[in-house]
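Below is one structure, written out as structure tokens; the observations come after it.
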Amino acid sequence: MEKLPLDFYQSHDTLRLAQLLLGCELVHENLEGITAGVIVETEAYLTDDPACHAYRRQTTRNAAMFGPAGTLYVYQIYNHYNCINVVTGPEGVGEAVLIRALEPTEGIELMGFRRNDAFKTGFERYRNNTIDSSSANGQRNLCNGPGKLTIAMGIDRQKHNSSSLTTGELFIRGPVFHDFDMVTTTRIGLTRGADLPYRFYISGNRYISKK
DNA sequence: CGCGGGATTTGCT
DNA sequence: GCAAATCCCGCGG
């Protein structure tokens, strides 16, 4: 399956893209190797949605959200973690789809190294933590949350915020999962817009984030 | 220029 | 269940 083209991102609105991205594969190839995983959980953030970072106006932090569809928006949250979003909607309109969970498909060992490395270089109190990427439980733990998958995929805010998903070594392939049931529900961890049904995930998938 | 809140994750209670 | 991590940036004075 080929890299999804610019046209894919431009041809659908944000809510539709949040659903269409389920089953597609996020791929990152760099000097460390290739890592990839199927998108199994997303959330949509619309321009008229109080939970959206671009709800008020364009600022330094959210500038990438106002770029063309197919741009990557990476932001830092809670002092430590990064989350990745696929920018959607027309240029100048701040909308995006948060990728919340992946089912790992390629480079599973490398994902484990990156996660364990993050423990070592992160908080001292996490230094004894290890993920066993050869076990089913370990693999389930690699990318089942927005902060986790960003580490496992080797995505860096400085490097990848505002980068394009249609050129370069970080991109999305067309659907590799078909014929699944989709669950629509409310988004996670929000204080505003918490009642909007903008979260989507693949029914029964074992790699969904918690809650 | 300082204050505070945030689309999270983790280990310990 | 809860607090900690201790950053980035938007906002108010």
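Convention: sequence-line order gives letters A, B, ...; per-chain numbering from 1.
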Item to check | All side chain to side chain contact (heavy atoms under 4.5 Å, CB included) counterparts of A/Leu98, not counting sequence neighbours | outcome: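 Result, side chain to side chain contact (heavy atoms under 4.5 Å, CB included) vs A/Leu98: A/Glu43, A/Tyr45, A/Cys83, A/Asn85, A/Arg100, A/Pro146.
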Checklist entry - When you measure from the side chain of A/Lys148, which nucleotide among C/dC8, B/dT10, B/dA7 comes out closest? => result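 Shortest atom-to-atom distance from the side chain points to B/dT10.
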Checklist entry - Taking the side chain of A/Gln76 as its heavy atoms from C-beta onward, which of C/dC7, B/dA7, B/dT8 lies nearest to it? => result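 Nucleotide nearest to A/Gln76's side chain: C/dC7.
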Next on the checklist: Can you measure A/Ile188 atom CD1 to B/dA7 atom P for me and round it to whole angstrom units?
Outcome noted: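 Whole-Å distance recorded here is 13 Å.
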Checklist entry - Taking CG from A/Leu190 and C1' from B/dT8, how many angstroms apart are they, rounded to a whole number? => result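 One finds 12 Å between C1' of B/dT8 and CG of A/Leu190, rounded.
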Next on the checklist: For a quick check under 3.5 Å, do A/Ser134 and A/Asp132 share a side-chain donor-acceptor pair by atom type?
Outcome noted: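 A/Asp132 and A/Ser134 do have a side-chain donor-acceptor pair below 3.5 Å.
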Item to check | Test item: side-chain donor near acceptor, A/Glu106 and A/Thr35, under 3.5 Å | outcome: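 No, no side-chain donor-acceptor pair sits under 3.5 Å.
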Checklist entry - With a 4.0 Å cut-off on heavy atoms, is A/Leu98 in touch with a base, just the backbone sugar-phosphate, or nothing at all? => result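 It contacts base atoms.
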Item to check | 5′-ward residue of the pair A/Arg192/A/Leu149 relative to DNA chain B | outcome: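 Whichever sits nearer the 5' end wins; that is A/Arg192.
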Checklist entry - Can you name the salt bridge (charged side-chain N to carboxylate O under 4.0 Å, His left out) partners of A/Glu32, sequence neighbours left out? => result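 Salt bridge (charged side-chain N to carboxylate O under 4.0 Å, His left out) list for A/Glu32, sorted by chain: A/Arg114.
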Checklist entry - Residues two or more places apart in sequence or in another chain: which of them pass salt bridge (charged side-chain N to carboxylate O under 4.0 Å, His left out) with A/Arg173? => result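 Here the qualifying residues are A/Glu25.
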Item to check | Nearest-angstrom distance, C1' atom, B/dG2 to C/dT6 | outcome: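 After rounding to an integer number of Å, I get 16 Å for this pair.
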Checklist entry - Taking the P atom of each, how far is B/dA7 from C/dG1, in whole Å? => result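 Their P atoms lie roughly 22 Å apart.
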Checklist entry - Quick one: which of A/Lys148, A/Arg199, A/Arg187 gives a salt bridge (Lys or Arg N to Asp or Glu O under 4.0 Å) with A/Glu41? => result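 The salt bridge (Lys or Arg N to Asp or Glu O under 4.0 Å) with A/Glu41 is passed solely by A/Arg199 among A/Lys148, A/Arg199, A/Arg187.
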Next on the checklist: Taking transitive links into account, so neighbours of neighbours count too, which hydrophobic residues share a cluster with A/Leu31 at under 4.5 Å side-chain distance?
Outcome noted: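 In the cluster with A/Leu31 there is nothing else; it is isolated.
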Checklist entry - Does the aromatic ring of A/Tyr81 sit over the six-membered base ring of B/dT8, closer than 5.5 Å centre to centre and tilted less than 30°? => result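 Stack criterion not met.
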Checklist entry - Do we see A/Tyr78 stacking on the base of B/dG6, given a limit of 5.5 Å between centres and 30° between planes? => result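 One would not call A/Tyr78 stacked on the B/dG6 base.
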Next on the checklist: Let's test your reading of the pairing rules: Watson-Crick or G-U wobble, both distances under 3.5 Å, then write DNA chain C as a dot-bracket string with ( ), [ ], | and dots.
Outcome noted: |||||.||||||.
Checklist entry - By a strict heavy-atom criterion of less than 4.0 Å, which residues belonging to residues 47-70 of chain A are in contact with DNA chain B? => result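 DNA chain B contact set from residues 47-70 of chain A: A/Ala51, A/His53, A/Met65.
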Checklist entry - Does B/dT8 have OP1 or OP2 sitting under 4.0 Å from an N or O in the side chain of A/Arg187? => result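 Checking B/dT8 against A/Arg187, no side-chain N or O comes under 4.0 Å of OP1 or OP2.
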Checklist entry - More than 12 foreign heavy atoms under 6.0 Å from CZ of A/Arg206: is that the case here? => result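 It does not: A/Arg206 CZ has 12 such atoms or fewer within range.
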Next on the checklist: Surrounding CD of A/Glu109 (heavy atoms of other residues, nucleotides or ligands, distance under 6.0 Å), is the total greater than 12?
Outcome noted: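 No - once you tally the heavy atoms of other residues, nucleotides and ligands closer than 6.0 Å, there are 12 at most.
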